[in-house]
Amino acid sequence: MIHVEGLTKYYGDICAVDHIDLDIRRGEIVGLLGPNGAGKTTTLRMLTGYFTPSAGQITIKDVAMDDNPLAIKHLIGYLPESAPLYQSMLVYDYLDHVARIRGLKGDERPKRLQELADLCGLRGIMHKPIATLSKGLKQRVGLAHAMMSDPEILILDEPTSGLDPNQIVEIREIIRHIGTEKTVILSTHILSEAEATCGRIVIINKGRIIVDGTTQALTAGREQAGRIHIGLMGTDAQNARPLLGGVTGVREVDAAGESDGIARLTVTCQPGTDARADLYAAIKSTDWILVEMTRETKTLETLFGELTREF
Amino acid sequence: MRQALLIFNKEFKDYFVSPIAYIVIAIFLAFAGWLFFSTFFLYDQAELRRFFDMLPFLLALLVPIITMRLFAEELNVGSYELLLTLPVTSRDIIVGKFLAAVAFVAALLLPTLLYAVCIGWIGDLDWGVVIGGYIGALLLGAAYAAIGLFTSALTRNQIIACIAAIVICVALAIVDQMLFFFPPLVLDVVTHLSANAHFGNIAKGIVDSRDLLYFLSIAFLGLYATHLAMEDR
């Protein structure tokens, strides 16, 4: 669907995007991740045709961006960061204007506006000036703008930045809903968001792709850290160590301190094993009370930190 | 072209949503009316020449106020990004915005047709000259609008865009009265650059292709420079 080859963008001497190759298939939700200034927005702006690349090729549905940018613009719905809409217009007038430019005719227009008002939750605000809307509402109007012509590709630049938690959940819900039939590319620097919404994650740093894979593949390796945190009452850490140390699959037990009568221990397992069931059985045979048992996961955050600091 | 018309439509409506349109029209009518009619009866001639004579200077001050927001505001808010990622070309955008500004100049001049009607009623008015004058005024407005559009495309700051355009437009308007500053060698060239001189011919009722060409080429140059400025971003 989208084929990108050697995409490069220079701002003067500064290289913002450095030879990015990317292939995106129909129906994928791709999360573009990276720290601030990594080149996410620049990449998206080149994909939408707003920026001309310094080098490289963008081909969407077998049409090259250089040959026919207009045809590509018809395929893409785009929501830039912080939804820069015309402030003085009413929401309805604005969306109607966009619908006209998108080539929606006669009866289609009010019908489509109704659908989008329902989908994006704009019913109550259609006749308010955009300048008076809150950030979350503007974002939703921007989303309606992007989805106006029911485009095959939706590109969203930090769609949830600056929203409150409820709004974030709503926007994610909408994105996931759209993603069932459309190709969605979204950028974010919040990893949990990419994890929650995207099927595929591309991490870029300093203009280069450093990781490209499915969300599952990226997060699969992380449970192998194999550390289990245990909190016990009715004993102290020194007493508990020998017992837990004897459980099969356990390599090491460290005391992690004591507070409020709860002894905390960190158990490191042999790679590839999960000793939680055996640990529980061992603790059950004593009169200690198990108040906590969590398996430490190697989060995307740590993965992200490792990857983006390397360079 | 359809897209350009849609953009024209939006921009033209936008003028009348904000108070700026009404302020500019009010200032224009007050000044034009006062300057024109304060001497009209002294001259005791049924003609609009003195009204047309002040247009190059008056429009040089007012048209940049109309055009300053066209690109600068979009660049500042960032909405230009949204606009350009819709299926429109930068040419559609420039033409649409330019036509909106020209249409606004027409709306500005429209009430002054009453002057012509009144004068024609009390005296013997040469309508050919009047019609020529209004066509010239529109061309003048178009040339100024193209200059204003260009300065608006250069900056995110509307005030800077406005002042830069006023400087250029006023310079074109009054350069033929500043000839003593120029060396004799370039006098001819400078005279031909003057909007006042070219407009004066049209306002007298002489429609010369050289004058038409002057305004059209200024407008074209302005729009082309705008195009280059926007492509460069």
Side-chain angles (χ1 to χ4, degrees), chain A residues 11-12 41-42 44-52 65 68-90 93-105 109 129-131 138-139 141-146 148-149 151 153-157, chain B residues 1-24 66 68-97 99-100 104 152-153 156-158 227-233:
Chain A
Y11 295 118
T41 299
T42 308
L44 295 184
R45 283 179 169 175
M46 286 191 283
L47 282 175
T48 55
Y50 180 56
F51 279 173
T52 323
M65 181 70 86
N68 197 347
L70 217 53
I72 287 180
K73 284 179 188 175
H74 275 292
L75 295 173
I76 295 179
Y78 176 45
L79 170 64
E81 197 180 343
S82 76
L85 310 159
Y86 292 124
Q87 299 294 313
S88 60
M89 291 178 96
L90 304 181
D93 288 347
Y94 177 72
L95 291 176
D96 190 60
H97 173 61
V98 173
R100 282 171 198 268
I101 290 186
R102 284 281 183 194
L104 270 66
K105 295 200 177 52
R109 259 193 337 262
I130 290 174
K138 275 183 197 159
Q139 201 78 9
V141 177
L143 208 55
H145 160 108
M148 181 57 71
S149 60
I153 300 166
L154 208 56
I155 296 181
L156 312 169
D157 195 0
Chain B
M1 202 57 211
R2 213 185 73 87
Q3 308 292 57
L5 283 178
L6 289 172
I7 287 167
F8 161 78
N9 208 355
K10 183 243 154 201
E11 294 292 345
F12 190 63
K13 269 189 203 154
D14 255 15
Y15 277 129
F16 294 93
V17 170
S18 72
I20 192 159
Y22 303 100
I23 294 172
V24 169
I66 300 167
M68 66 179 182
R69 52 165 274 276
L70 286 174
F71 277 111
E73 189 183 32
E74 297 232 25
L75 293 172
N76 193 30
V77 177
S79 52
Y80 192 68
E81 186 174 356
L82 272 181
L83 181 57
L84 204 68
T85 48
L86 288 172
V88 295
T89 61
S90 68
R91 205 176 57 190
D92 293 332
I93 297 170
I94 292 170
V95 170
K97 284 175 184 282
L99 289 180
F104 187 87
S152 182
R156 291 161 171 246
N157 187 323
Q158 296 192 32
H227 178 71
L228 292 181
M230 293 319 291
E231 287 290 280
D232 204 36
R233 284 183 179 273

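Quick note on labels: first sequence line is chain A, next is B, and so on, each numbered from 1.
- Atom CG of B:Asp92 and atom CG of A:Leu70 lie 7.5 Å apart (nearest 0.5 Å).
- Applying the salt bridge (Lys or Arg N to Asp or Glu O under 4.0 Å) test to A:Asp93 and every residue at least two apart in sequence or in another chain returns nothing.
- Taking OH of A:Tyr50 as the start and CG of B:Leu84 as the end, the distance is 7.0 Å to the nearest 0.5 Å.
- Along residues 3-13 of chain B, the residues that come nearer than 4.5 angstrom to chain A, judged on non-hydrogen atoms, are B:Gln3, B:Leu6, B:Ile7, B:Lys10 in order of number.
- Residue contact with chain B, scored on non-hydrogen atoms closer than 4.5 Å, involves the side chain of A:Tyr94 exclusively.
- In this view, A:Arg102 satisfies the salt bridge (Lys or Arg N to Asp or Glu O under 4.0 Å) rule with no residue, not counting sequence neighbours.
- Annotation: residues 78-85 of chain A contacts chain B through A:Tyr78, A:Pro80, A:Pro84, A:Leu85 [non-hydrogen atoms, separation under 4.5 Å].
- Annotation: the span from A:Gln87 atom CD to B:Asn76 atom CG amounts to 10.5 Å, rounded to 0.5 Å.
- For B:Leu86 against A:Lys73, the heavy-atom pair with the smallest separation is O-CD, 3.2 Å.
- Note that CD of B:Glu81 and OG1 of A:Thr41 are 8.0 Å apart. Values are rounded to the nearest 0.5 Å.
- When the candidates A:Ile76, A:Ile155, A:Thr48 are compared by the number of heavy-atom contacts under 4.5 Å with chain B, A:Thr48 comes out ahead.
- For B:Glu74, the part sitting under 4.5 Å from any heavy atom of chain A is the side chain, from C-beta outward, and nothing else.
- Heavy-atom pairs under 4.5 Å with chain B peak, among A:His145, A:Met89, A:His74, at A:His145.
- Contacts with chain A were tallied for B:Asp14, B:Val77, B:Leu82; B:Leu82 has the most, counting heavy-atom pairs under 4.5 Å.
- Residues B:Arg2 and A:Gly103 come closest through the heavy atom pair NH2-CA, 3.7 Å.
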